[in-house]
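Here is the structure we will look at.
Every number for a ligand or one of its atoms is a count from 1 in the order of the listing.
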Amino acid sequence: MIITLKKNAPAEEIRKLHDSFEEKGLQVSLIEGKDFNVFGLVGDTAHIYERDILANMWVENVQRVSAPYKLANRMFHPEDTVVDVAGVKVGGKEKIVVIGGPCSVEGREQICRIAQEVSECGADMLRGGAYKPRTSPYSFQGLGYEGIMDLCEARDRTGLPVVSELMSADKLDEFAANVDLIQIGARNMQNFDLLKAVGHVKKPVLLKRGMSATIEDWIMSAEYILSSGNPNVIFCERGIRTFETYTRNTMDLSVIPILKERTHLPVIIDPSHATGDWKLIEPISLAAIAAGADGLIIEVHDHPSSAWSDGAQSLKPENFQELIRRCRKVAAAIGRDM
Ligand code: PEP
Ligand code: MN
């Protein structure tokens with residue numbers, strides 16, 4: 001249930017209302033916005049009547065929410081959430097962000113070299129997997145802790161915040177200490193214990209869409225993180241499984257306006273995993289920006305043919321630079337900076 005308060009409601013009245021809901025056994029969140037003060041009530045509201053709440057002169061409006069997600073719901077929180085990743089702002093009317101870097105960290109020299117290149121191309125953050133969720137147990141599994149340390153070195157040299165995938169809660173302390181944006185990969189989107197674990201820290205989380213997840217499944221996964229206490233969630237669409245085999249996955253661009261309407265959280269797009277083909281990355285990126293995406297995460301490698309993972313979908317730095325140049329034109333056309 002969402003309760004919008006009158007603009008001039010005194011703090012004392014807000015507190016009294018808050019307490020009265022808590023006494024009814026409800027979990028109450030107060031969202032103080034620039035233009036709105038809103039209460040979100042979570043719990044069994046079946047025994048609460050709209051007209052009783054409206055009897056309070058400081059209440060402007062009462063709405064029942066049929067969607068099962070509350071904290072992610074835009075009705076609850078009309079203003080866009082802007083997630084601050086070590087100084088890089090994601091979401092809202094802010095600049096569209098670009099994250100670039102290899103699928104996997106392959107060593108200190110490799111990640112520092114590519115970090116320098118993506119930085120010169122205009123990237124805002126560096127990606128690099130150190131713990132890799134590979135389909136085959138015989139494929140390269142990532143450098144682990146050493147890879148995380150290499151990423152830190154690349155951050156020190158370039159100043160770019162770093163993004164990396166966390167696969168298991170037992171590495172959470174390592175990630176909370178060293179990684180600026182914790183990625184939850186498609187395969188773990190419904191690993192609820194992992195979602196609760198990252199909900200207990202304040203580090204921003206990049207929540208990728210599960211390959212067969214509906215939009216509601218995905219928002220409910222964000223709800224796990226939010227309800228555990230971490231408000232810093234960014235959605236990342238990375239393509240879903242369909243009957244089509246021409247591309248690695250099928251990019252679902254419609255999620256951008258849908259998530260923006262339903263939730264207040266930022267949405268970015270991963271055209272690399274969505275298409276699996278470096279040639280398709282630029283057109284999909286242009287379309288995603290036109291559709292309102294808040295950012296892109298793109299695999300970049302200086303020697304794609306010898307990359308230890310996902311070379312076929314990795315852009316060479318020169319193509320990444322050209323992609324950014326063209327995306328900036330679309331961003332300008334819709335009134336955003338990039
Ligand atoms: C990745 O970003 O390297 C990755 C494995 O992505 P996804 O979880 O979307 O497959
Ligand atoms: Mn990859």
Side-chain angles (χ1 to χ4, degrees), residues 85 97-106 110-111 114 118 123 125-137 139-144 147-148 150-151 161-168 171 175 179-191 194-195 198 204-213 215 217-218 221-222 225 233-242 247-253 255 267-278 280-281 284-285 288 293 295-316 320:
V85 183
V97 299
V98 185
I99 304 169
C103 179
S104 299
V105 177
E106 299 169 11
Q110 174 252 18
I111 192 67
I114 297 177
V118 298
M125 283 186 236
L126 174 68
R127 64 151 287 147
Y131 296 90
K132 297 301 303 176
R134 305 305 300 279
T135 302
S136 164
S139 301
F140 173 57
Q141 302 286 305
L143 294 179
I148 296 292
D150 294 342
L151 265 181
V162 296
V163 188
S164 202
E165 176 169 351
L166 173 68
M167 295 212 299
S168 153
K171 296 289 187 294
F175 275 65
V179 169
D180 301 297
L181 176 57
I182 300 176
Q183 177 174 324
I184 299 295
R187 292 156 191 80
N188 273 314
M189 188 208 84
Q190 287 190 312
N191 180 338
L194 187 60
L195 299 176
V198 294
V205 177
L206 184 66
L207 179 63
K208 290 195 145 194
R209 182 181 188 178
M211 52 188 95
S212 302
I215 293 174
D217 293 338
W218 191 14
S221 289
I225 303 171
V233 178
I234 301 169
F235 287 113
C236 178
E237 165 66 35
R238 46 77 73 205
I240 49 175
R241 280 256 163 103
T242 68
T247 47
R248 180 175 177 181
N249 290 292
T250 297
M251 174 53 100
D252 182 3
L253 285 176
V255 301
V267 184
I268 76 165
I269 292 298
D270 174 348
S272 307
H273 292 89
T275 63
D277 179 351
W278 69 271
L280 299 176
I281 293 174
I284 296 300
S285 299
L296 303 169
I297 180 166
I298 293 177
E299 288 184 336
V300 180
H301 200 290
D302 49 0
H303 297 96
S305 57
S306 48
W308 294 4
S309 57
D310 286 350
Q313 62 190 40
S314 297
L315 284 183
K316 289 187 178 166
F320 181 58

Taking 4.0 Å as the limit for heavy-atom contacts, which would you say applies to M211 with ligand 1: side chain only, backbone only, both, or neither? neither
How far is atom 4 (C) of ligand 1 from its nearest protein heavy atom, and which residue and atom name does that atom have? H273 NE2, 3.5 Å
Please report which non-hydrogen protein atom sits nearest to atom 6 (O) of ligand 1, along with the residue it belongs to and the distance in Å to one decimal place. K208 NZ, 2.9 Å
Does H301 reach the main-chain N or O of H303 with its side chain, forming a donor-acceptor pair under 3.5 Å? yes
Using a 4.5 Å cut-off on heavy atoms from C-beta on, say whether the side chain of L195 contacts that of L207. yes
Residue R127 vicinity, atoms of ligand 1 by number, heavy atom under 4.0 Å: 1 (C), 2 (O), 3 (O)
Parallel, tilted or perpendicular, as decided by the 30° and 60° cut-offs, for the rings of F140 and W308: perpendicular
I'd like to check whether A186 has a polar contact with ligand 1, where a contact means an N/O of the residue lying under 3.5 Å from an N/O of the ligand. yes
If you measure every N or O of R187 against every N or O of ligand 1, does any of those distances drop under 3.5 Å? yes
Near R241 CZ, under 6.0 Å, is it more than 12 heavy atoms from other residues, nucleotides or ligands? no
Taking just the N, O or S atoms of D310, which one is nearest to the Mn ion (ligand 2)? OD2
What atoms of ligand 1 come within less than 4.0 Å of a heavy atom belonging to R238? 7 (P), 9 (O), 10 (O)
Distance in Å, Q183 CD paired with N188 CG, rounded so as to fall on 0.5 Å steps: 10.5 Å
What is the name of the N/O/S atom of E299 that is nearest to the Mn ion (ligand 2)? OE2
Donor-acceptor pair, distance only, cut-off 3.5 Å: does the side chain of S272 make one with the backbone of E299? yes
Side-chain donor or acceptor of K132 paired with backbone N/O of C103 under 3.5 Å: yes
Residue G185 vicinity, atoms of ligand 1 by number, heavy atom under 4.0 Å: 8 (O)
What do you reckon, does Q183 put a non-hydrogen atom under 4.0 Å from ligand 1? yes
Check whether any side-chain heavy atom of P271 lies under 4.5 Å from a side-chain heavy atom of L280, and answer yes or no. no
